[in-house]
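Both backbone and side-chain heavy atoms feed into the values below; hydrogens, waters and symmetry mates do not. The sequence lines fix the lettering, A, B, ..., with proteins before strands; numbering per chain opens at 1.
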Amino acid sequence: MAHSDSTAGSSYSVSRKSLGFDRLAKPIQRWIWSKGWNHLRDIQEQAIPALLDGRRDLIVSAATASGKTEAVFLPLLSTALEKPGGDGFDLVYIGPTKALINDQFERLEDLCATLELPVYPWHGDVLQSIKARARRHPGGVLLITPESLEALFVLRGLEIPALFSTTRAVVIDELHALLNNERGIHLRSLLTRLEIAANRTIRRVGLSATLGEMALVRQFLRPEAPSSVQLLESSSASRELQVQIRAYVEKHGLDNDESAAKKSVADHLFAHIRGANNLVFAESRQNVEFYADRLRQMSENVRIPNEFYPHHANLSRKSRVDLEQHLKSSNFVTAVCTSTLEIGIDIGDIACVAQIGPPHTVASLHQRLGRSGRRPGQAAVLRMYAIEGAVGLNSHPLDRLHLGLVRAIAMVELMIEGWSESPAPLALHLSTLTHQILSVVAQNCGASANQIFTTLCRKGPFQGVDTKLFLQLLSQMGSKDVNLIEQSSDGLLLLGKKGERIVNHYNFFAVFQTPQEYRIIAQGRQLGVIPVVMMMSEGMTIVFSGRRWRIKSIDNDAKVIHVGASVKGKPPIFGGSTGLIDDVVIQRMKQIFAGSNFPIYLDSCACGLLHDARTEFRKLGLDSSCQIQLGSQNVLLATWAGTVKTATLAIALRTCGYRATVYDGLLDVTRIRCMQKFLECLDQLGLPHGLDEDALLDSDLNLVTEKFHRYLNLDLLLKDALSSRFDAGALPELIQNLHH
DNA sequence: GACCTGCTGCGGTTTG
């Protein structure tokens with residue numbers, strides 16, 4: 001599929017200049033021949049010698065559908081053919097989604113059949129008979145999710161050494177999707193445990209379209225030897241980019257159902273993107289439903305076929321797969337979506353990517369744009385829409401700064417420069433460590449504390465955890481009321497009663513949390529699911545799956561909602577948490593405020609708002625000061641730092657009795673009764689260890705945010721939060737900078 | 001003021 005553009009006129013032969021082709025095993029050369037490829041892609045020419053000659057770990061960075069998968073599988077399969085290794089999987093491919101594994105299976109099936117190598121897909125939807133065959137006759141390629149690999153460790157721990165004894169390489173697809181989250185830590189732990197079980201180093205190959213600072217990505221892939229990781233980037237990447245940022249002013253308050261600005265955005269989309277395949281990223285499921293419904297209505301009003309369909313994780317699998325197929329087979333389809341369509345399977349040619357509101361990371365902007373303009377000679381098109389509140393005499397100064405628009409500009413600039421966010425520095429990840437301790441104990445039917453510490457903390461990804469903290473965690477897990485583990489008379493750690501119950505439930509294998517949900521059903525057909533947190537009542541009307549419904553009945557025991565068609569309704573609220581904006585993005589925002597240049601990609605409304613924002617920036621004095629008095633008890637602090645650092649200062653001030661609200665690089669502090677005392681408090685917080693961590697325990701902060709947090713005590717929860725969600729070490733410098 | 005991702009074994013019934 002990646003090569004469909006080169007199959008026309010299949011009488012071509014592979015160019016004699018291709019050195020890579022000559023080095024592949026003969027059956028693979030014949031397969032390439034039979035496909036009619038007339039050349040190997042740039043990234044493939046680079047990857048073939050790198051994988052055949054060396055033994056180094058490798059990162060392959062190239063655009064979606066550039067032939068990355070073939071770039072690594074053709075040479076890796078060549079070595080598997082030429083030097084058969086015996087029983088065990090030759091190659092392991094790790095994919096973050098089931099859909100991607102199914103897709104790769106279809107691409108590899110035909111190639112592996114001609115090579116007489118087995119290829120086994122392995123995830124929750126794969127038939128047990130196929131898994132049983134893979135266990136009986138391990139060999140060839142295993143395509144598996146991190147969670148299914150986890151299940152193998154827990155349920156077949158004793159078979160692991162044999163299954164992976166001959167594995168030459170682990171290929172990790174969509175590496176960027178696993179960099180900055182608990183799932184990525186989980187995978188790194190599994191990779192270490194795989195090497196320990198096989199008793200040797202197994203080569204790691206990471207694939208991605210967009211990656212941040214490479215030094216940190218290398219460290220993620222091979223923490224003990226980051227500099228040995230080789231990096232391959234496609235040189236044929238550069239292509240034309242067309243970008244516009246349009247701004248709209250909301251006159252009647254934001255987030256209103258009758259939002260005139262949202263309707264204007266829909267009008268513009270309707271007028272300009274119909275007649276081609278497009279992706280519209282709307283930033284929340286609620287907005288996805290709003291725009292999909294609005295655009296469908298507009299089509300019906302003028303009696304033309306609807307081209308707009310919603311896509312997000314709460315919609316039924318069938319409606320999502322139908323839309324993905326529709327995108328591949330038709331030329332007149334627009335998906336209004338969340339990040340569901342950001343990664344994963346090939347969805348064909350996309351004419352334009354629209355982004356309503358700034359995204360939360362530059363990395364995802366890269367990834368989204370990578371979905372458009374992939375045909376040679378075709379430009380990538382990005383349309384960004386910024387909705388800003390109207391400003392009046394009584395508006396808050398923060399509203400006059402138009403932070404959303406300025407962030408959108410900062411992110412577009414950084415994206416054009418090729419920058420993106422890096423993996424977070426070492427956090428403790430105590431929830432995931434708790435999970436992995438249970439898993440190692442289950443895998444080995446009991447393990448010593450020393451063995452677990454070596455596996456997970458010395459060699460694995462939990463290197464921020466020292467012996468003392470590790471023992472504190474073990475003792476918490478073994479405490480009477482928690483009872484996840486217990487110690488036998490000879491010192492071996494075993495699963496406790498509670499631990500046994502948790503590990504033996506299929507819900508154990510994933511490290512991430514998922515909310516409880518109601519299924520929503522119309523005439524016997526499931527439309528999707530809605531989180532339990534959403535308040536629902538009979539007779540209520542909603543917009544869901546791009547249509548309008550009335551709730552007929554709610555069954556709280558079965559967690560089912562029955563609906564019938566309606567003419568009214570508004571999108572449900574799905575809930576969620578706040579995003580984390582990087583320091584670099586905020587610093588760029590400050591430069592934009594202080595600058596005078598108007599980027600050519602702004603429309604006239606956006607230019608006007610940027611001008612107003614800069615005027616307000618200077619009027620407030622933010623160009624020369626970081627402490628602005630807004631009222632008798634109200635000060636604006638300009639940290640010009642990202643969410644983690646700014647939120648840390650906010651929390652620190654709360655422990656001193658102040659109230660502080662976090663904005664992009666700015667902190668709105670209220671309840672300041674005495675300015676002198678406030679300044680003294682800031683100085684105190686700016687000293688090394690000036691933050692009273694115990695005082696955090698008294699604040700109403702929610703520390704239970706991850707799946708296994710519920711088994712930890714307050715002390716452990718606080719340590720975990722301070723290592724990830726806060727950055728106490730940054731306070732002295734942050735507060736020092738406030739004096740400039 | 002957000003989004004996404006994953007999942008085993010077994011018991012019962014039907015079919016060849």
- Query: Is there any side-chain hydrogen bond (donor to acceptor under 3.5 Å, both in side chains) pair reaching into residues 120-131 of chain A, and which pairs are they, with sequence neighbours excluded?
  - Reply: A/Lys98-A/Asp125, A/Asn102-A/His123
- Item | Those residues that, when tested against A/Val669, pass side chain to side chain contact (heavy atoms under 4.5 Å, CB included) (two or more places apart) | A/Leu637, A/Leu653, A/Tyr658, A/Ala660, A/Leu667, A/Ile672, A/Phe678
- Message: With a 4.0 Å cutoff (strictly under), does any side-chain N or O of A/Arg320 reach OP1 or OP2 of B/dT5?
- Response: yes
Using atom names, set out every protein N or O paired with an N or O of nucleotides 14-16 of chain B below 3.5 Å, distance rounded to 0.1 Å.
none

- To the nearest Å, give me how far apart CD (A/Glu342) and C1' (B/dA2) are. 11 Å
- Item | Atom-pair distance (CD on A/Glu182; C1' on B/dC3), nearest Å | 16 Å
- All salt bridge (charged side-chain N to carboxylate O under 4.0 Å, His left out) counterparts of A/Glu324, not counting sequence neighbours: none
- For A/Lys318, does the NZ atom have more than 12 heavy-atom neighbours from other residues, nucleotides or ligands under 6.0 Å away? no
- Query: What class does the angle between the rings of A/Phe164 and A/Phe89 fall in, given that below 30° is parallel, 30 to 60° is tilted and above 60° is perpendicular?
  - Reply: tilted
- Let me know the distance between CD of A/Gln516 and P of B/dG6, rounded to the nearest Å. 20 Å
- Task: Report the distance from atom CG of A/Leu178 to atom P of B/dG6, rounded to the nearest whole Å.
- Result: 11 Å
- Item | Results of side chain to side chain contact (heavy atoms under 4.5 Å, CB included) for A/Phe220 - residues two or more places apart only | A/Leu175, A/Leu179, A/Arg188
- Reckon A/Arg285 has a side-chain N or O less than 4.0 Å from the OP1 or OP2 of B/dA2? no
- Nucleotide B/dC4, atom P - distance to CD1 of A/Ile343 in whole Å: 11 Å
- Report the distance from atom CD of A/Glu174 to atom C1' of B/dC4, rounded to the nearest whole Å. 12 Å
- Message: If you count heavy atoms of other groups shown closer than 6.0 angstrom to NZ of A/Lys707, is the number above 12?
- Response: yes
- Task: To the nearest Å, give me how far apart CD (A/Glu517) and C1' (B/dC3) are.
- Result: 13 Å
- Identify the residue among A/Ile94, A/Val126, A/Val170 that makes a side-chain contact (heavy atoms from CB on, under 4.5 Å) with A/Ile144. A/Ile94
- Residues A/Arg368 and A/Glu283 bridged, charged N to O under 4.0 Å: yes
- Touch class at under 4.0 angstrom, heavy-atom based, for A/Phe281 against every strand present: nothing
- Task: Report the distance from atom CG of A/Asn287 to atom P of B/dG1, rounded to the nearest whole Å.
- Result: 11 Å
- Task: Scan A/Val154 against the nucleic acid and name what it touches under 4.0 Å (heavy atoms): base, sugar-phosphate only, or nothing.
- Result: nothing
Mind listing the N/O atom pairs, protein and nucleotides 7-9 of chain B, below 3.5 Å?
| from | atom 1 | to | atom 2 | distance (Å) |
| --- | --- | --- | --- | --- |
| B/dC7 | OP1 | A/Gly124 | N | 3.0 |
| B/dC7 | OP1 | A/Thr145 | OG1 | 2.8 |
| B/dC7 | OP1 | A/Ser148 | OG | 2.6 |
| B/dC7 | OP2 | A/Gly124 | N | 3.1 |
| B/dC7 | O2 | A/Tyr506 | O | 2.4 |
| B/dC7 | O2 | A/Asn507 | N | 3.3 |
| B/dT8 | OP2 | A/Lys131 | NZ | 3.3 |
| B/dG9 | OP1 | A/Arg156 | NH2 | 2.8 |
| B/dG9 | N7 | A/Gln128 | NE2 | 3.2 |

- Contact class for A/Asn180 vs. all strands (heavy atom < 4.0 Å): base, sugar-phosphate, or nothing? nothing
